[in-house]
*Asks:* 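Pasting a structure below so you can have a look.
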Amino acid sequence: MRRTLPATLAAITLAGSLAACQGGGDTGTTTTAFDPATCQGGTLSVLNQGGITHLDPARLYTSGGGNIPSLLFRTLTTRNRLAGEAGTKPAPDLATDLGTPSDGAKTWNYTLRDDIFFEDGTPITSADVKYGIERSFAPELPGGAPYLRDWLVGAAAYPGPYKAPEGLTSIETPDAKTIIFKLSKPEGDFPFLATATQFAPVPKAKDKGADYEAHPVSSGPYMVEKYEPKKTLTLVRNPHWSKAADTLRYACPDRIEVTSGLDAAVINQRLTSGAGQDANAVTTDAVVGPEQLAQLGSGSELDKRVARGEFPSTTYLAFNTKKAPFDNPKVREALSYAINRTSVVNALGGSAVVGPSTTFLPPQKALGYQPYDYFPAGDNGDPAKAKEVLAAAGVTNLTIELAHQNDDSEGIGPKVAAAIQDAFKQAGVTVTLNAIDTATYRDVTGKPATQPGLALATWGADWPSGGPFLIPIFDGRQIITAGGNFNQSQYNDPAVNAEIDAIQALTDPAEAQARWGALDAKLGKLALVLPLTHEKDVYLYGKNVKNAVPDGWRGTYDLARISVK
Amino acid sequence: MTGYLLRRVGGAIVVLLGLSIIVYALFYLAPKDPAILTCGKGCTPDRLAEVRAAMGLDASPPAQYWEFLRGLFLGRDFPAGPDVRHCPAPCLGYSFETDQPVTKLLTDRLPVSASLAIGAEILSLAVGIGAGLLSGLRRFRILDRIVNGLILAGYAVPVFLVGLFLLLLFCVRLQWLPFPTYVPFTTDPAAWAENLILPWIALAVIQSAAYARLTRAGVQESLAEDHVRTARAYGIPEGRIVRTRALRGALVPLVTLTAIDLAAIMASAVLTETMFGLPGVGQLLVGAVNQIDLPVVVGVTLLTGFLVVVANAVADLLYAAVDPRVQLR
Amino acid sequence: MTLLSVRDLRIGFGNTQAVDGLSFDLEAGGALGIVGESGSGKSATALALLGLHGEARIEGSIDFDGLELTSASEDQLRAIRGAGIAMVFQEPLTALSPFHRVGDQIAEVYRLHTGATRKAARERAVEVLRQVHIADPERRARAYPHEFSGGMRQRALIAMALACNPRLIVADEPTTALDVTVQAQILDLLDEVRTATGAALLLISHDLGVVAGSTDDVIVMRRGAVVEAGATDQVLVTPRAAYTKDLLAAVPKPSPARVIQGGPLLRVSGVSKRFRKFTAVDDVTLDVREGETLGIVGESGAGKTTLSRMMVGLIPPDRGSITLAGADIARRRGRSVQMVFQDPMSSLNPRRTVGESIADPLRLLGELAPRVTIEALLVRVGLAPSHYDSYPHQLSGGMRQRVGIARALAPSPRLIVCDEPVSSLDVTTQAQVLALLEDIRLERELTMVFVTHDLAVLRQIADRVVVMHDGAVAEMGDVASVYDQPQHAYTKELLAAIPVADPLEARRRRALRRAGLDGAGLDAEPLGATQIE
Amino acid sequence: MTLFRRLLDDRAFLTGAVIAGVMVLVALFAPLLTALAGQDPTTFHPELLDSARGGVPLHGITADHWLGVEPGTGRDLFARVVYGARVSLGVAVSALALQLLIGVGIGVAAGLGGRYTDAVLSRLTDLTLAFPLLVLAIALLAIVPQSWPRPALLAVVIALLGWGGTARIARGETLSLKTRDYVSAARVSGAGTLLVARREILPGLAAPVLTYAALILPSNMITEAGLSFLGVGVRPPTPSWGQMLSSATTWFRADPMYVFVPGALLFVTLLAFVLVANGVRRVVDPRQREVLR
């Protein structure tokens with residue numbers, strides 16, 4: 001059966017900070033003349049809000065290997081750890097290159113490097129990579145991204161190596177250095193997917209199933225010394241990792257200590273004052289709060305300790321176009337005029353950390369962003385125009401219900417809902433709020449049978465490309481009635497579906513970007529969704545921290561390159 | 001005494017079983033599926049069914065409860081990859097969220113809650129008994145008034161308000177103390193105390209009010225009793241009367257209350273733990289409830305119940321110890 | 001030699017004058033009784049002697065062995081307390097600290113005043129316990145007060161009083177809370193101790209019978225003032241003051257015997273009742289005859305209250321049957337049987353008017369506007385019709401008991417069970433209420449069951465007597481035969497213990513008791529402790 | 001009425017009563033008051049916020065906004081605390097009413113019932129008393145559907161878990177009243193259990209239960225505020241003091257006013273009710289033991 005292509009957003013509750021798929025930095029501080037050769041030493045502290053709930057590569061849902069996991073796990077490819085545009089591209093990691101496609105991008109062939117070892121000195125083989133991928137299919141190890149089940153031939157029904165030890169036939173390992181993937185359709189984005197932790201090697205002899213994550217076998221520069229879920233993770237150097245074999249990870253600190261479960265305000269306070277070990281501290285998930293924002297931009301000392309990045313994500317209102325009154329395009333347009341994006345921005349933390357969006361694609365070139373604003377609402381909405389549109393359409397006394405999560409942890413909770421309620425009230429539209437438990441929110445909104453007419457939603461890129469951003473939301477063949485549906489507008493236009501297929505067959509990224517952008521602009525005219533904001537990230541780091549450069553993929557600085565010497 | 005203990009234990013088992021049944025029932029009545037969370041984003045119905053089966057959620061609720069009970073007394077095996085993993089009795093299962101044994105989660109959290117509870121109790125008792133005694137003896141009118149006011153204020157402030165105020169004052173304005181993070185006593189006793197002092201004070205502000213009230217009432221009541229009059233009539237000095245008789249009388253309700261409060265803080269200082277970011281049992285529960293982490297919720301509830309039951313028994317024993325008139329049967 | 005000399009003592013609390021000009025002398029080794037009803041100021045006097053009057057204002061002079069106590073320093077007073085003047089209080093249940101062992105409490109006092117070693121003090125405690133006839137004093141010294149019976153506790157208090165060889169023992173209502181047989185024992189003990197140690201005794205009581213046999217001189221007080229004072233023999237035999245005469249007259253006297261012809265109205269056959277492990281009533285069989293007054297007498301724990309409540313159907317018996325005119329009592333509640341209760345405080349709902357309380361049974365019987373009937377009833381029991389709208393707290397104890405009688409009469413019952421109806425009233429009020437009951441009984445030809453611990457009261461009012469002991473009937477018969485020729489040993493003991501106001505008779509009875517009993521039957525019954533379940 | 005006069009002589013009680021009365025009036029006339037201020041509790045004012053600094057208010061107290069505006073939304077603080085009083089008091093009072101109903105019902109039933117009825121009901125009461133209310137409330141509130149009306153739900157949950165104290169007092173009082181002779185007298189006269197409960201027991205319960213009730217009212221307010229503070233109680237945009245304090249914790253460095261306003265109001269109101277309760281207790285039942293916690 002066909003599967004959806006879900007993407008993720010920052011710090012979803014399950015994978016916590018490990019799913020640090022923040023990215024797409026375009027600015028960032030310019031630290032000149034950083035020499036990776038002399039950066040060694042010291043202990044880096046990571047102060048985080050979200051706890052690490054899983055450390056098993058099969059169970060992590062991360063983009064580009066995640067921030068902390070990529071210190072432990074090398075994958076076939078990984079994100080190119082650079083600022084800006086360059087950082088949105090994949091780079092070879094365990095493999096010698098980004099992979100060789102054949103059969104119209106339905107077969108991908110990788111060759112492993114020669115100088116790669118597990119933390120116990122055992123050489124890493126293609127069988128280890130294959131086994132790692134197979135594990136992620138086991139129902140005992142849920143949580144990983146679902147792409148592989150969808151893309152690999154015959155994988156949808158594969159129950160994992162514990163029940164089916166014979167393994168997946170669509171992954172071939174003719175020798176210890178070669179691994180070949182057979183896909184069911186062309187996937188030009190395969191090198192992006194190969195950055196996921198499911199592509200990390202797992203030695204079968206060391207696999208303890210659900211208990212493996214207590215001490216996952218490292219292939220990266222660090223290995224686990226101590227791990228307590230949701231509390232602490234201490235990493236020390238892996239003696240069998242060599243810098244020569246891994247040019248992307250600088251691995252400067254000798255030791256990395258992650259503390260999680262802290263309050264965001266406390267983290268920022270500690271980073272600001274930087275007492276003791278806090279001078280060597282960073283955070284990967286606590287965006288600055290108003291107190292620090294007040295000090296920024298005034299030439300204070302804190303200005304020098306700020307990293308700014310942008311992770312491609314959009315918060316939007318999803319219309320169910322199969323339900324009245326949202327089947328009426330004029331109603332959707334009127335609401336698009338009425339929206340007060342400043343209120344929404346403020347509800348989410350102010351203009352420093354989110355920006356208003358009139359497009360569905362966030363403003364990253366890698367995704368193919370093209371600006372448009374078909375229903376200009378200005379900063380504070382245009383209720384008069386909205387009323388006018390409604391009146392012209394003969395709609396009066398409009399009362400609608402808005403579904404939202406019951407807490408603000410994912411930014412689509414009561415705060416934003418209240419802001420939207422107020423904005424629509426100015427246009428004479430009465431909004432009643434329908435809070436749905438955060439834990440079941442996606443289940444309710446993901447089944448067309450239970451999907452509300454209007455729901456707050458958010459979408460982030462699993463990798464920086466237009467495809468994973470637009471396909472799940474607008475491809476009519478992705479409407480899944482059994483659950484897990486993300487095409488909430490339930491929009492199905494054969495022409496659009498055909499265009500998606502055409503872009504996916506393209507091999508030139510630049511050409512693909514332009515076509516994705518054009519498609520977004522075309523869909524925007526239909527007001528199928530009401531884009532609200534996109535994410536901007538402002539992170540502080542400690543006084544001693546050097547080379548805190550946000551990469552273009554996830555919008556946060558890369559721990560593998562930070563130095564506290 | 002033996003009969004008393006036997007009945008106590010029997011009663012405790014009934015209470016705990018009842019509690020676990022209620023929690024199970026509530027969670028299966030609630031329209032929520034923990035497998036959805038575990039399965040993660042973009043989970044298909046097929047995959048969801050597999051995950052649900054792997055979590056043992058496909059069986060009927062009574063069957064699941066039966067398995068849970070068996071695990072509690074006999075231990076239990078869980079399928080988990082290449083081998084089964086054995087969870088020895090008393091097995092509370094594995095957390096849906098982090099896959100850790102619930103017993104380990106509880107034993108990890110308990111020291112935090114115990115540190116909070118014990119420190120807060122000691123502080124509350126010292127302040128409460130002192131204030132209550134001073135005002136109960138009515139040596140200084142003005143003091144009586146002040147204590148009275150404090151008692152009322154202690155009644156009227158919610159713990160999070162005290163906590164907020166303390167944080168604002170000591171961590172933000174004065175910067176005398178760090179923002180509390182839990183440091184185990186065994187790691188660094190000084191840091192342990194330094195980080196816990198604010199939560200202790202916050203709890204003590206409220207708790208000591210109750211103790212002061214109780215001490216004052218107990219002292220005043222004891223002093224009005226006939227046997228105190230007898231002691232006075234036989235020339236026993238007032239100080240000695242207060243020490244050996246009045247305080248003794250006030251102690252009786254106080255010790256029972258202390259035992260119960262200790263358990264209550266350990267089990268349910270949710271607000272204090274949230275306010276000060278302490279990873280205690282209360283926080284564990286709040287997180288587990290939000291994540292529909294049934295094994296953890298059941299585990300915490302049982303632990304809470306266990307603590308309360310034990311505290312009540314201890315209170316009775318203490319009661320019998322401080323008051324010779326009381327016999328346990 | 002005068003040991004204690006009180007001159008013109010005045011004690012005031014706020015606006016009330018508790019004691020108003022009291023003077024007396026007490027010789028060393030002498031015994032003085034102070035008698036008065038509640039509120040006469042006798043307890044305030046006792047406390048003032050030790051400087052324990054608290055907030056009260058005190059004027060006049062108290063001279064104890066050459067020391068002026070009203071102006072003595074706290075240290076001087078503390079030295080006197082226990083060592084010079086020792087107090088024995090009314091409530092043995094609460095007068096000892098529940099947290100400390102009896103021996104330790106006595107030893108503490110002894111050490112405090114003599115500076116003796118711990119060991120010597122412990123030995124002294126055992127010695128005085130032995131002196132007050134506590135069996136096995138070494139073991140008992142290690143017991144807690146709650147492990148003692150009421151009588152033993154009072155003995156322990158007397159032992160404590162003896163510990164430091166005081167010159168004066170003040171006993172403030174020392175027997176009020178005790179059963180009549182125990183009361184006799186304690187009074188005998190006080191008398192014995194006085195002779196043995198040479199300490200003077202100041203005995204305070206509301207009961208003329210208590211002071212009659214134990215004192216040389218007596219003072220009768222009323223509302224803080226002395227009514228009459230003099231030698232006990234003279235005051236109690238030939239009183240001069242009208243109030244003393246009233247007091248003496250109020251002491252119940254035997255009444256002439258009546259002949260009862262009625263058949264059995266209420267039949268109690270083979271009735272038992274247990275409360276947990278305690279058997280309250282054990283296989284009791286008796287009849288109440290139509291028109292008679294049946295007295296039930298016994299000490300606390302004898303089961304008389306349980307029996308009386310079963311008689312009106314409030315408590316179902318475990319075994320046996322109770323029938324009224326042939327029908328089970330449980331089905332006859334309301335119309336045929338009524339009850340008058342002991343405590344006038346608790347027998348009326350404090351939140352309802354007197355009239356409303358009386359109206360209830362009438363309403364239940366279908367009378368919709370009972371006000372007129374009730375007002376007539378109120379007048380009959382000696383109250384005013386306007387009392388219909390009074391609340392119980394606005395009435396005195398005697399008036400409340402009259403309301404209780406009116407309520408019992410309201411549904412025109414055939415049988416009234418009175419459970420200790422006068423025992424919480426002052427002597428004078430007691431006499432009035434008894435007279436009222438007797439009048440009404442005659443007037444309405446009622447059958448009556450009268451439950452009491454007071455043999456004297458019963459002799460005045462009852463036709464037949466049932467003596468209960470440990471839940472069973474010890475003896476049953478006509479008043480005259482039971483009182484004059486008691487058959488059962490327990491009945492004899494009870495009769496010998498009745499306090500009498502005649503000093504000569506009191507002394508004669510004491511001599512009898514000394515000869516016959518001498519310390520027998522003093523051992524403690526085990527008492528229940530608070531139980532936690 | 002001497003009781004009344006004694007209450008009027010109690011200065012602390014009077015102060016408390018006046019403040020509590022004012023708060024009740026404020027809650028009752030919230031729409032009127034906010035209309036007077038020309039504001040309402042839900043209108044956003046993004047123009048009054050500094051969006052670049054996270055949304056802190058640009059101004060403090062102004063002529064339009066008597067207590068300033070809420071950071072992040074710009075909603076009028078005065079209007080929100082006034083409406084918050086409605087929720088806080090409303091939830092506390094309705095929970096109290098339910099608690100009294102359940103508690104007195106169960107307590108009297110246990111007191112008058114047979115040995116087994118009493119045993120079962122008393123154990124049940126002990127259970128609800130022994131178990132930490134907050135923990136159970138969190139669990140309960142988390143599993144009920146989010147669409148149910150929260151304030152009503154809060155009142156029900158607080159009441160369902162908090163009737164134990166009332167029941168215990170009612171039972172103890174009933175047991176003691178039951179042995180009073182006037183109850184026996186009524187029964188001798190043929191009154192049934194229901195009649196005895198209504199005529200003889202319930203009037204006697206009024207004083208101790210109401211004295212206790214006066215203290216559970218502030219305690220209910222604290223519970224409501226605590227639950228809302230934890231995020232399982234009242235949700236925005238419905239204002240409640242606890243929920244406002246909850247959002248204020250992230251602002252308490254950047255905008256202390258936002259903490260101060262609901263915090264001070266909550267404290268003063270609670271104190272007022274405690275003073276009232278204390279006064280009532282002292283007057284109605286001076287010898288009642290201080291079992292109230």
Side-chain angles (χ1 to χ4, degrees), chain A residues 263-265 268-269 287-297 340-356 379-381 401 403-409 413-423 425-426 431-441 444 538, chain D residues 39-58 69-76 79-80 141-150 153 228-240 243-244 246-259:
Chain A
D263 184 58
N268 284 314
Q269 177 84 19
V287 169
V288 292
E291 197 195 13
Q292 284 78 30
L293 285 172
Q295 297 177 40
L296 294 181
N340 182 335
R341 290 195 173 86
T342 308
S343 283
V344 176
V345 164
N346 286 337
L348 287 169
S351 59
V353 293
V354 283
D379 288 344
N380 294 332
E401 190 179 73
H404 60 90
Q405 293 188 345
N406 73 327
D407 62 41
D408 292 298
S409 60
K415 280 186 185 169
V416 177
I420 293 166
Q421 184 184 37
D422 178 62
K425 193 173 99 185
Q426 311 299 324
V431 179
T432 55
L433 297 180
N434 171 23
I436 298 172
D437 198 286
T438 302
T440 53
Y441 189 72
V444 175
V538 185
Chain D
Q39 297 297 337
D40 74 78
T42 55
T43 299
F44 281 55
H45 295 281
E47 72 279 6
L48 298 174
L49 302 176
D50 185 348
S51 191
R53 288 175 49 204
V56 291
L58 288 165
V69 297
E70 191 181 51
T73 64
R75 290 179 293 203
D76 184 58
R80 289 191 71 75
L141 285 169
I143 60 161
V144 294
Q146 297 290 329
S147 51
W148 293 13
R150 297 306 273 189
L153 196 64
S228 296
F229 183 82
L230 282 174
V232 292
V234 184
R235 260 193 321 269
T238 315
S240 116
Q243 171 251 309
M244 290 174 79
S246 174
S247 20
T249 49
T250 52
W251 293 98
F252 76 142
R253 277 161 276 218
D255 185 9
M257 188 70 176
Y258 189 30
V259 185

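Here is how names work: the chains are called A, B, and so on, in the same order as the sequence lines, proteins then strands, and each is numbered from 1. Computed from a predicted model, the values in this text were never measured in an experiment.
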*Asks:* Sort out for me which of N406(A), N340(A), T342(A), V353(A) touches chain D most, counting heavy-atom pairs under 4.5 Å.
*Replies:*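 Ranked by heavy-atom pairs under 4.5 Å with chain D, first place is N406(A).
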*Asks:* Taking A254(D), G231(D), G74(D), A52(D) one by one, which has the highest count of heavy-atom pairs under 4.5 Å against chain A?
*Replies:*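 Sorted descending by pairs with chain A, the first entry is A52(D).
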*Asks:* Where does Q295(A) contact chain D at under 4.5 Å (heavy atoms): side chain, backbone, both or neither?
*Replies:*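 The answer is neither part of Q295(A).
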*Asks:* Would you check if T43(D) and D422(A) make a side-chain contact, meaning some heavy-atom pair closer than 4.5 Å?
*Replies:*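 Side-chain contact under 4.5 Å: yes.
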*Asks:* Please flag which part of Q292(A) lies under 4.5 Å from any non-hydrogen atom of chain D: side chain, backbone, both or neither.
*Replies:*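 Nothing of Q292(A), per the 4.5 Å heavy-atom cut-off to chain D.
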*Asks:* Please identify, among A347(A), A419(A), A352(A), the residue contributing the most non-hydrogen atom pairs under 4.5 Å to chain D.
*Replies:*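 The answer is A419(A).
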*Asks:* May I ask you to name which of Q269(A), E291(A), Q421(A) has the most heavy-atom pairs under 4.5 Å with chain D?
*Replies:*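 Top option by heavy-atom pairs under 4.5 Å: E291(A).
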*Asks:* Heavy atoms only, distances under 4.5 angstrom: which of S247(D), G72(D), P71(D), G55(D) has the most pairs with chain A? Name it, please.
*Replies:*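 With the most close heavy-atom pairs to chain A, the winner is G72(D).
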*Asks:* Please identify each residue that fulfils salt bridge (charged side-chain N to carboxylate O under 4.0 Å, His left out) with D50(D), with sequence neighbours left out.
*Replies:*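 Testing D50(D) for salt bridge (charged side-chain N to carboxylate O under 4.0 Å, His left out), a comparison that skips the adjacent residues, returns R53(D).
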*Asks:* Just to verify, which of V354(A), V345(A), L293(A) counts as forming a side-chain contact (heavy atoms from CB on, under 4.5 Å) with S51(D)?
*Replies:*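 Of all the options given, the one that passes is V345(A).
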*Asks:* Identify, with sequence neighbours excluded, every residue that meets salt bridge (charged side-chain N to carboxylate O under 4.0 Å, His left out) alongside R75(D).
*Replies:*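 R75(D): salt bridge (charged side-chain N to carboxylate O under 4.0 Å, His left out) contacts with E70(D).
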*Asks:* Heavy-atom cut-off 4.5 Å, strictly under: side chain, backbone, both or neither for L433(A) against chain D?
*Replies:*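 Contact with chain D involves the side chain of L433(A) alone.
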